[in-house]
Each structure stands twice: as structure tokens, then as C-alpha cells.
Asker: 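Handing you this structure, nothing more for now.
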Number of protein chains: 2
Amino acid sequence: MDTAFKTFIDHFSTNYQLSDSSKAEICNHFSILHLDKKHVLIEENKRHDFAYFVVKGAVRSYYLKDGVEVNTWFALENDMAGSLHNFKDNPSRETLELVESSTLISINLKKIKALMLHNIQIAHFVNAIIEEYAFFLEDKIYFSQMMSSIDKYLILLDKEPQIFQRIPLTYIASYIGISRETLSRLRAK
Amino acid sequence: MDTAFKTFIDHFSTNYQLSDSSKAEICNHFSILHLDKKHVLIEENKRHDFAYFVVKGAVRSYYLKDGVEVNTWFALENDMAGSLHNFKDNPSRETLELVESSTLISINLKKIKALMLHNIQIAHFVNAIIEEYAFFLEDKIYFSQMMSSIDKYLILLDKEPQIFQRIPLTYIASYIGISRETLSRLRAK
DNA sequence: GAATTCATTTGACAAATGTCACAAAATCAT
DNA sequence: ATGATTTTGTGACATTTGTCAAATGAATTC
């Protein structure tokens with residue numbers, strides 16, 4: 001099995017049993033992609049049949065608010081990048097765009113959903129991904145309400161220092177929920 | 001089967017097949033509770049083996065930020081009330097407290113999780129609940145970033161008018177993410 | 001490597017919101 | 001019912017943050 005496929009599968013199957021044959025079935029619907037910086041993976045308001053796993057590179061997700069981009073998350077190595085709305089057959093609310101030229105695993109959602117229906121191991125695997133996403137969202141809300149802007153900046157800097165080396169501050173400011181000028185002033189201290 | 005049990009199960013099993021015997025297995029781990037206003041269902045930082053479904057009444061969830069309560073959600077009739085952290089065997093980050101004297105279904109999480117392992121229908125049922133929660137969290141983030149305070153207030157008023165009749169404005173202000181004084185001033189217009 | 005585009009910083013000012021203090025209104029308990 | 005508690009509203013002021021404008025610095029393209 002491709003090393004990248006194995007990394008991905010192992011990352012989300014620590015709590016459940018996944019047989020070799022189930023792993024092989026999942027991998028049938030994976031492909032490796034090499035795409036350039038600024039490539040748009042998923043467009044806002046469109047249905048899309050694929051989710052992605054970042055092997056190497058960086059992805060951002062944003063939506064438009066009165067013409068201004070609001071960044072919702074960044075995915076680096078070993079992170080998922082996709083839209084839960086797409087998974088549920090709805091149009092994506094966000095645009096997913098590469099911040100760096102990247103190597104990705106693309107995941108055929110329809111095929112995986114078909115497997116989930118009858119293979120309980122695969123159902124557990126996919127649901128572990130959704131659960132992890134729910135935890136991520138809870139954390140995001142928790143920190144957005146619990147912390148001042150400075151604390152949000154310092155915590156992000158502490159927990160995800162790579163982001164500051166690879167993602168423009170303009171995007172990070174929007175992710176934290178402040179203007180880029182305000183972030184710049186916070187950093188000046 | 002108890003009518004309340006049926007309402008609960010039907011609400012989360014519209015997209016998947018659930019046999020009568022699976023339904024019966026799930027219901028084995030349900031109970032009906034009648035509890036008074038201000039009763040604490042789940043305490044912050046504690047592990048807890050139950051989740052709840054509101055048959056009649058109102059629940060709020062909050063955590064403490066420097067001694068001040070930050071309200072995260074309200075559950076009314078036919079809503080779930082629980083902690084995803086508890087479901088994953090971790091301490092809850094939030095306190096769940098009754099805003100009104102309520103009738104609830106209590107759900108034994110350990111028992112349901114055991115059923116999920118081998119019954120794919122029950123796995124799909126539980127995961128539908130978690131998925132719905134992830135959608136709820138996404139919406140919450142989306143609206144908190146997309147809308148001005150006034151718009152958040154107006155949208156909440158439009159979409160969930162019952163909340164304003166049953167939940168104190170102090171809690172609602174904290175849910176929207178503004179001080180109670182600011183909410184009071186917004187309402188004055 | 002020069003030109004162009006993009007990202008970041010800084011200043012000046014306006015707008016939104018928080019905080020503190022207290023008053024008014026509604027609700028609860030005895 | 002009435003006193004006590006909780007909830008809501010309002011004023012004055014401080015603080016934070018946003019907005020607009022411009023300058024500087026960094027990166028990319030041809």
C-alpha cells in the first residue's frame with residue numbers, strides 16, 4: 001500500500017479495528033494528486049464528490065462576507081481538507097484553495113459512503129474523521145469565546161507555530177477574527 | 001414503545017434503515033426523568049455516562065471564563081443535550097443545567113457504544129446525531145463570523161423565537177457573544 | 001535584476017462594545 | 001401580599017478594534 005495512504009488510514013483508525021481487506025477497499029477510492037499553489041480544490045456553493053488529505057503542502061478554507069474573505073481553517077501535513085456539507089450531498093459553504101503547491105490524497109466520497117453502508121469497520125473509520133472534526137469545531141468555538149485576541153494569537157503561535165511560517169498573516173488575522181492591522185499591532189508587543 | 005422514545009429515534013434515523021429490533025435494543029438503555037429547574041445534568045470537568053434528549057423543558061450549556069458564565073447552546077423540545085467529550089470518555093468542558101423543570105430521556109452512553117460496535121444500524125443512528133451536532137457547530141461559527149451583533153440577534157429572533165420567551169436575555173447575550181448591556185441596547189431599537 | 005504584485009506595518013480617527021454604577025421591572029418565596 | 005432576589009434597562013466613560021490611507025518590505029514574474 002502507498003505509504004501516504006497508510007499514514008492517513010492509521011491516523012484515523014486508532015480506536016477501531018480495521019482489517020487489511022477493509023483498508024484495501026478504502027484505498028481503492030484514493031488517488032494521489034500534485035497541484036499548484038492557488039489551485040481551487042472546492043468552490044463555494046458547489047457540490048463536489050471529493051475530500052482530501054494533505055500529504056505535503058498547505059490548504060486554506062474561506063468564505064466571502066461582503067466580498068471579504070473569512071478564513072475558517074488551515075490544513076497542513078496529515079490534516080484533512082474537505083467540506084462536511086459536500087459529504088452530505090449539499091453545496092460547500094467554503095472555498096478550499098492551496099496556499100502552497102501540494103501533494104494530496106483525493107477521496108471519492110460517493111464510493112466511500114457506499115462502502116460504509118455495509119462495512120461497519122469502514123463506517124467507524126469515516127465516523128472517527130467526522131468526530132475529530134466536531135472536536136476541532138468545539139475547540140475553535142471554545143477558544144474564540146474564551147480568549148482575548150492576544151491570547152488567541154499566543155495560543156495559536158504556541159500550538160501551531162508552523163502556521164506562522166507558512167500562512168500569510170492576513171489569512172491568520174481573519175482566522176483569529178480580527179483585522180490584519182490589529183494583528184500587526186498585537187505582534188508589535 | 002414509549003412515544004417520546006419513538007420521537008427521538010425517528011428524528012435521527014431518517015437517512016438510514018433501523019429495524020424494529022435495533023430500535024428496541026436502543027430503547028433498553030433509555031429512561032424517562034423528571035427534574036426541577038436549576039438541576040445540574042452534567043458538571044464541568046467531570047466524566048458522565050449519560051446524554052439526554054429533551055421531551056419537555058429547556059437546558060442550557062455553559063462554561064466559566066474568569067468566573068463569568070459563557071453560554072454555548074440551549075436545548076428545547078426534541079433537542080439533544082449532552083457533551084461530546086463525555087461520549088469520548090473525557091471530562092465535559094461544559095456544565096449542563098435545566099432552565100425549566102423538564103422531562104428528559106436519559107441515554108446510557110456506555111451501553112449504546114457497546115451496541116454500536118457490532119450493530120451497523122445503531123452505529124449509523126449514533127453517527128447521525130454526531131453529524132448533526134457538527135453541522136450545528138459549523139453554523140454557529142459561520143454566523144458568529146458572518147454577522148454583526150444586530151444581525152445575530154435578529155436571526156436568532158427569527159429562527160428561534162421560543163428562546164426569547166423561555167431563556168433569560170443574560171444567557172442569550174452571552175450566547176451571542178456580547179455583554180447583556182449591549183444586547184439590551186440593541187433591543188432598544 | 002528590474003518591475004510588478006503582494007504582504008506587512010504604522011498613523012489618525014471613528015465606531016462598536018465593554019465596564020461600572022445604579023434604577024426600574026419582573027419574578028419568586030414565604 | 002410583600003419583601004427579597006433576579007432580570008432588564010440606561011447613563012457615562014474607557015478600551016478595543018475597525019477603517020482608510022499611505023509607506024515600507026518581501027516575494028514573484030518576465
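Predicted model only: the values in this text are computed from it and were never measured. Numbers restart at 1 for each chain; the letters A, B, ... are given by sequence-line order, proteins then strands.
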Asker: Drop me the distance from A:K88's NZ to A:I130's CD1, to the nearest 0.5 angstrom.
Answerer: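 These two atoms lie 7.5 Å from each other.
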Asker: Using whole Å, what does the distance between atom P of nucleotide C:dG11 and atom CD of A:E181 come to?
Answerer: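 So the two atoms are 13 Å apart, to the nearest Å.
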Asker: Counting only non-hydrogen atoms, which of residues 158-179 of chain B are less than 4.0 Å from DNA chain C?
Answerer: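 Within this stretch, B:G177, B:I178, B:S179 sit under 4.0 Å of the strand.
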Asker: Aromatic rings B:Y175 and B:F74: how do their planes relate, parallel, tilted or perpendicular, breaks at 30° and 60°?
Answerer: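 Judged by the thresholds at 30° and 60°, the geometry between B:Y175 and B:F74 is tilted.
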Asker: Determine the contact category for A:S149: base if any of its heavy atoms lies under 4.0 Å from a base atom, sugar-phosphate if only primed atoms, P, OP1 or OP2 are that close, otherwise nothing.
Answerer: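 A:S149: backbone/sugar contact only, no base atoms under 4.0 Å.
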Asker: Need two values: the first and the last nucleotide of DNA chain D, 5' to 3', having an atom under 4.0 Å from any heavy-atom of chain A.
Answerer: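 Contact span on the strand: D:dT17 to D:dT28.
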Asker: Rounding to a whole Å, what distance do you find between B:I150:CD1 and C:dA15:C1'?
Answerer: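 Atom CD1 in B:I150 sits about 12 Å away from atom C1' in C:dA15.
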Asker: Of the candidate nucleotides C:dT9, C:dA12, C:dC20, which contains the atom at the shortest distance from the side chain of A:R185?
Answerer: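 The nucleotide sitting nearest to the side chain is C:dA12.
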Asker: Give the rounded distance in Å between these two atoms: NZ of B:K65 and P of C:dG18.
Answerer: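 The answer, rounded to whole Å, is 10 Å.
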Asker: If you pin B:K38 and B:L183 to their nearest nucleotides in DNA chain D, which one's is more 5'?
Answerer: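 By nearest-heavy-atom nucleotide position, the 5'-most residue is B:K38.
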Asker: Once you round it to whole Å, what is the distance between P of C:dG18 and CD of A:Q145?
Answerer: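 For the pair A:Q145 CD and C:dG18 P, the rounded distance is 12 Å.
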Asker: Can you see if the side chain of A:R180 gets near the phosphate of C:dA7 - specifically, an N or O under 4.0 Å from OP1 or OP2?
Answerer: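 Indeed not, no polar side-chain atom of A:R180 lies that close.
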Asker: Students often mix this up, so state it plainly: with edges at 30° and 60°, are the rings of A:F53 and A:H11 parallel, tilted or perpendicular?
Answerer: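 A:F53 and A:H11: tilted rings.
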Asker: So B:F125 and B:F8, would you call those rings parallel, tilted or perpendicular, with 30° and 60° as cut-offs?
Answerer: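 If you compare the ring of B:F125 with that of B:F8, the planes turn out perpendicular.
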Asker: After noting the C-alpha distance and the side-chain angles of B:T103 and B:H34, does the key distance pass the side-chain hydrogen bond (donor to acceptor under 3.5 Å, both in side chains) rule?
Answerer: CA-CA 5 Å; B:T103 303; B:H34 297 278; 3.2 Å; yes
Asker: What's the shortest heavy-atom distance between A:I120 and B:H118, and which atoms?
Answerer: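 Here A:I120 and B:H118 meet closest at CD1-C, 3.8 Å.
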Asker: Check each of B:F50, B:F5, B:Y52 against B:F30 using the ring pair (Phe, Tyr, Trp, His ring centres under 6.0 Å) test, and report the only one that passes.
Answerer: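 Per the ring pair (Phe, Tyr, Trp, His ring centres under 6.0 Å) rule, the option paired with B:F30 is B:F5, out of B:F50, B:F5, B:Y52.
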Asker: Could you run down nucleotides 25-30 of chain C 5' to 3' and tag each one B, S or - for protein heavy-atom contact under 4.0 Å?
Answerer: ---S--
Asker: Look up atom NZ in A:K23 and atom CG in A:D20, then write down how far apart they are to the nearest 0.5 Å.
Answerer: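 Result: 6.0 Å between the selected atoms.
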Asker: Centre of B:F87's six-membered ring, under 6.0 Å away, within 45 degrees of the axis: is that where NZ or CZ of B:K113 sits?
Answerer: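 Cation-pi check for B:K113 and B:F87: passes.
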Asker: Indicate whether the side chain of A:E94 and that of B:Y142 have a donor and an acceptor atom separated by less than 3.5 Å.
Answerer: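 No, no side-chain donor-acceptor contact under 3.5 Å.
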Asker: Taking atom types as modelled and ignoring hydrogens, do the side chains of B:Q121 and B:S19 form a donor-acceptor contact shorter than 3.5 angstrom?
Answerer: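 Yes, a side-chain donor-acceptor pair sits under 3.5 Å.
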